[in-house]
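To start, the structure under review is shown below, and the notes come after it.
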Protein chains: 2
Amino acid sequence: MRLSNTSQYAINIMVAIAEHKETKLLNAKSISDTFDIPYKYLTRIMPQLVEAKFIISTRGREGGYSLAKEASSISIINILNAVNDSLHASKCILKPGMCDANNKCALHDSWMVPNKSIKIMFNQTTLESITNL
Amino acid sequence: MRLSNTSQYAINIMVAIAEHKETKLLNAKSISDTFDIPYKYLTRIMPQLVEAKFIISTRGREGGYSLAKEASSISIINILNAVNDSLHASKCILKPGMCDANNKCALHDSWMVPNKSIKIMFNQTTLESITNL
DNA sequence: ATTAAATACTACTTTAATGTAGAATTAAAA
DNA sequence: TTTTAATTCTACATTAAAGTAGTATTTAAT
């Protein structure tokens, strides 16, 4: 029951950029150092977050990253979706696909309770709510 | 946010054995067929469940598996522990280790709510509660 | 006794996630 | 204008999980 490294990295990256309040842009090296994210791996995640329109990248010397929109408008689920193909959120916990009502997996009903809690958390938690602004 | 294939397999296997109420023992082939678990992979999981004292194996012709104890005494968390080295249950969602109170990861507090719900479910859900007995 | 049907053991292969390397591109500073 | 510091792109390497194969062992049925 875990989040992939890539997802963990992405969330930490977004938090770092949201919290960065200096005039100089925050660059990949700093983020890599702060969270012990392998630099070369991080620099492959960054373009995905740019592509998702969460951050703006500025290339060249003195370049780096900054938020592209309000921290309050970016929730954890958005970040997860940007780096994972899908969160598996709607998938069943005991089989590859989804359970249908007639043919439920053994944990289907039991899992609904924590799964709902997870979904609510990922949906309602925004960058604003978890950063020191 | 997912359970490993091995964990999923183990839970399905235990449910199948718990629900099996014929005089003939339930064998690996049947379980493999029922849940589309690769036979050879399944036969490497079985000894772990035997080792954990959840099931009894009977070798040789007409052999198979049966529950070693009451279905009510085996909870999901027990099964997960038997096949995973650790469930990561106590680990933090955004870093390899555990957060300490002073140095929390960004999602630490937010994660506590769903995490508690997951723990309760895995601890309180027993084979008895999810099988048709 | 022999055969058949089952579990158990050991080693190997494949796959997807993760991590690494190097070169290209960009743009400010010197 | 050259250098430097940054992002981006593409390809390759490593690792751990998942899957496969073959053989040994066990035991009931024949």
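Values in this document were obtained by computation on a predicted structure and should not be read as measured data. Proteins come first, then strands; the chains are lettered A, B, ... in the order of their sequence lines, and each starts at number 1.
Across the helix from dA1(C)-dT30(D) to dA30(C)-dT1(D), the helix axis at one end is tilted relative to the axis at the other end by 20° (nearest 10 degrees, each axis from five pairs).
For the pair Thr58(A) and Asn5(A), both in contact range of DNA chain C, the more 5′-proximal nearest nucleotide belongs to Asn5(A).
Connection of Ile11(B) to Ile77(B) is established within a shared hydrophobic cluster, with ILVMFWY side chains joined at heavy-atom distances below 4.5 Å, either directly or through further cluster members. The cluster map of Ile, Leu, Val, Met, Phe, Trp and Tyr, joined by side-chain heavy atoms under 4.5 Å apart, puts Met14(A) and Ile56(A) in different clusters.
Every residue meeting the side chain to side chain contact (heavy atoms under 4.5 Å, CB included) condition with Ser117(A), not counting sequence neighbours, appears here in chain and number order: Val113(B), Pro114(B), Ser117(B). Take Phe35(B) and apply the ring-ring contact (aromatic ring centres under 6.0 Å, His included) test, not counting sequence neighbours, and it matches no residue. Checked against ring-ring contact (aromatic ring centres under 6.0 Å, His included), Tyr39(A) has no partners two or more places apart in sequence or in another chain. Considering only residues two or more places apart in sequence or on other chains, Pro47(A) meets the side chain to side chain contact (heavy atoms under 4.5 Å, CB included) condition with none of them.
Whole-Å rounding puts the Asn27(A) CG to dT4(D) P distance at 18 Å. Look at NZ on Lys29(A): it is 17 Å from P on dT8(D), rounded to the nearest Å. For Leu25(B) and dT27(D), the CG to C1' distance is 12 Å, given to the nearest whole Å.
Residue pairs meeting the side-chain hydrogen bond (donor to acceptor under 3.5 Å, both in side chains) criterion with at least one partner in residues 42-63 of chain A, sequence neighbours excluded, do not occur; the list is empty. Sorted by first and then second residue, the salt bridge (charged side-chain N to carboxylate O under 4.0 Å, His left out) pairs with a member in residues 66-82 of chain B form an empty list; sequence neighbours excluded. Screening residues 96-110 of chain B for side-chain hydrogen bond (donor to acceptor under 3.5 Å, both in side chains) gives Lys104(B)-Asp109(B) as the qualifying pairs, with residues at least two apart or on separate chains. For residues 2-32 of chain B, the set of pairs meeting the ring-ring contact (aromatic ring centres under 6.0 Å, His included) definition, not counting sequence neighbours, comprises Tyr9(B)-Tyr41(B).
For Ala10(A) against Ile45(A), the heavy-atom pair with the smallest separation is CB-CG2, 4.5 Å. The two residues Leu3(A) and Gln8(A) have their closest heavy-atom pair at O-NE2, 3.0 Å.
Contact annotation: side chain of Arg59(B) to base of dT25(D), donor-acceptor pair present below 3.5 Å.
Taken to the nearest 0.5 Å, the CD1 atom of Ile31(A) stands 6.0 Å off from the CD1 atom of Ile13(A).
Residue Ser57(A) has a polar side-chain atom (N or O) positioned under 4.0 Å from OP1 or OP2 of dT8(D).
Within residues 60-69 of chain A, the residues approaching DNA chain C are Gly60(A), Arg61(A), Glu62(A), by heavy-atom distance under 4.0 Å. Contacts between residues 39-56 of chain B and DNA chain D, defined by a heavy-atom separation below 4.0 Å, involve Lys40(B), Tyr41(B), Arg44(B), listed by number.
Of all nucleotides in DNA chain C having an atom under 4.0 Å from a heavy atom of chain A, the first and last in 5' to 3' order are dT18(C) to dA29(C).
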